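Reading through the structure tokens given below for one structure.
In this text, all values refer to a predicted model and were calculated from it rather than measured experimentally. Order of listing sets the numbers, starting from 1, for every ligand and every atom in it. We're numbering straight along the sequence, starting at 1.
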Amino acid sequence: MASSTRISRLLSRSLLSATSSPLFSRGGGLSKFSTAAATEVPIKPAVRVEHTQLLIDGKFVNSASGKTFPTLDPRTGEVIAHIAEGDHEDVDRAVGVARKAFDHGPWPKMTAYERQKVLLRAADLIEKHTDEIAALETWDTGKPYEQVAKIEVPIVVRLFRYYAGWADKIHGLTVPADGPYTVQTLHEPIGVAGQIIPWNFPLLMFTWKICPALACGNTVVIKTAEQTPLSAIYASKLLHEAGLPPGVLNVISGFGPTAGAAIASHMNVDKLAFTGSTDTGKIVLELAAKSNLKPVTLELGGKSPFIVCDDADVDEAVEQAHFALFFNQGQCCCAGSRTFVHERVYDEFVEKARARALKRAVGDPFKVGIEQGPQIDSEQFEKILKYIRSGVESGATLETGGDRFGNSGFYVQPTVFSNVKDDMLIAKDEIFGPVQSILKFKNIDEVIERANNTHYGLAAGVFTKNIDTANTLSRALKVGTVWVNCFDVFDAAIPFGGYKMSGQGREKGEYSLKNYLQVKAVVTPLKNPSWL
Ligand SMILES: NC(=O)c1ccc[n+]([C@@H]2O[C@H](COP(=O)([O-])OP(=O)(O)OC[C@H]3O[C@@H](n4cnc5c(N)ncnc54)[C@H](O)[C@@H]3O)[C@@H](O)[C@H]2O)c1
């Protein structure tokens, strides 16, 4: 399983090869950022897009309207493929077959061991097809191919095996009650799960969502993000090859206000799981409440603090803070986007953080050694540049970066701001881009208060050698995950989720199972019990 150290190691190996690349230049100064991304011909992905339709009832089908939408290559903005655009009618059809597959079987009626074997075979197939799936994901998202192939697909495979392992270990309790009754609880699948996912980790989010739902015996209708439909379609085809019965997993490509809203408000969807922005989270929660009051889990945005104490190993903290923010082009819900540094190590940290950002290898994500590809689309690209301008205008110090990288595609220079103040927009809003904001603090009480002074509460990083400081911060921070002297460690067994407006509920680990199970109490009178 990927740990932050392992991921950092992979990235530094990448960096070694990147230093010999003409795309890459070492040393300080804004002019060092190469514009080669614009002039180089994009590398042709070694994969073909074979499936572009909706997947309903085990078959690839066109949308009812016959409409399609383009999915774009973030390196160039060019069309990769035209994808069937699902809408209300398609969602309705998918929910209908998922309902039938749930109510009449075979999925919930199969033994747990049989369901387990399907998930294990799917894991093997995904592992076997790592190259194709990673190429599709990189093409659709712009994230480095090496990151997908060496980090994300292995995590995906691990999640499949982890939840396969749970399938035959889900059981209720025998409950002691007053009086002559035998009482048991049955943990039953909840029914048809509706799931909506974002574009920043399309394959990983698909896996987080479907694996626990399927392991518990539910059926699924999942909507992928309109920017990134390809990898989920491919993986779902593999799931069917692995023996998943028709109707159990239905994949709808399409847009939020149409297909997404149709899932959230459907009367026959029994459970909703959503990952995306906090604003959309509020909308789907309302749709769920106004329809059939389906229970909802929400994984939303964040503005996570990364706290570097004065006793921290500064070099390691710089590397991990860089990773915490810049990983995945800065498009992580839990990105360490407020780097709080103690005043005693602040100047050293800023200088080293700037030097590290200047070394970041930006370019075609299919190229070996590249650490950072383009942002997902023009909308995000423009939004990030706007935040950078706001950082400059509000008086933060631009240490490096600050502009687009090259002159085509949606590449942004790795950007570092120092002297950031809590009330600046760059310190308050989720930028979702490669923009590090460094803030100074004097003492632990002060940094706790400032770190918690946000609507978000997803994650935090704490860097210190002092166990007492680590314990104080871990307990005081109002967040769903605290990484101490590490960051972004995503084991299948570790729960993930947010406090406050970063979400409701937890995913991954054993906690995710609860999202997809109903608890039924069965009470039976006992005749002449020899004991109660
Ligand atoms: N907490 C987590 O685990 C986690 C993980 C990844 C991303 N995120 C968050 O996701 C956001 C980025 O993703 P995004 O820009 O795709 O978010 P988004 O909210 O715009 O979209 C997410 C999904 O919701 C759908 N959607 C949009 N409007 C909808 C509507 N009215 N009804 C139903 N569905 C709708 C979209 O089509 C997409 O599939 C960031 O805020 C990030 O922090 C959170």
Would you say the side chains of K478 and N452 form a donor-acceptor pair under 3.5 Å? no

Reference residue D140; test side-chain hydrogen bond (donor to acceptor under 3.5 Å, both in side chains); the match among T228, T224, T71: T71

Run through ligand 1 for me and note each protein residue having a heavy atom under 4.0 Å from it, chain first, then residue number. I196, I197, P198, W199, N200, K223, T224, A225, E226, G256, P257, G260, A261, F274, T275, G276, S277, T280, I283, V284, E299, L300, G301, C333, E430, F432, L458, F496

Test of ring centre spacing under 6.0 Å for F201 and F206: no

Identify whether NZ of Lys or CZ of Arg in K514 sits under 6.0 Å from the centre of the six-membered ring of Y511 and within 45° of that ring's axis. yes

Regarding E137 and S231, is there a side-chain donor-to-acceptor distance under 3.5 Å anywhere? yes

For the pair R93 (side chain) and I56 (backbone), establish whether a donor and an acceptor sit closer than 3.5 Å, ignoring hydrogens and angles. no

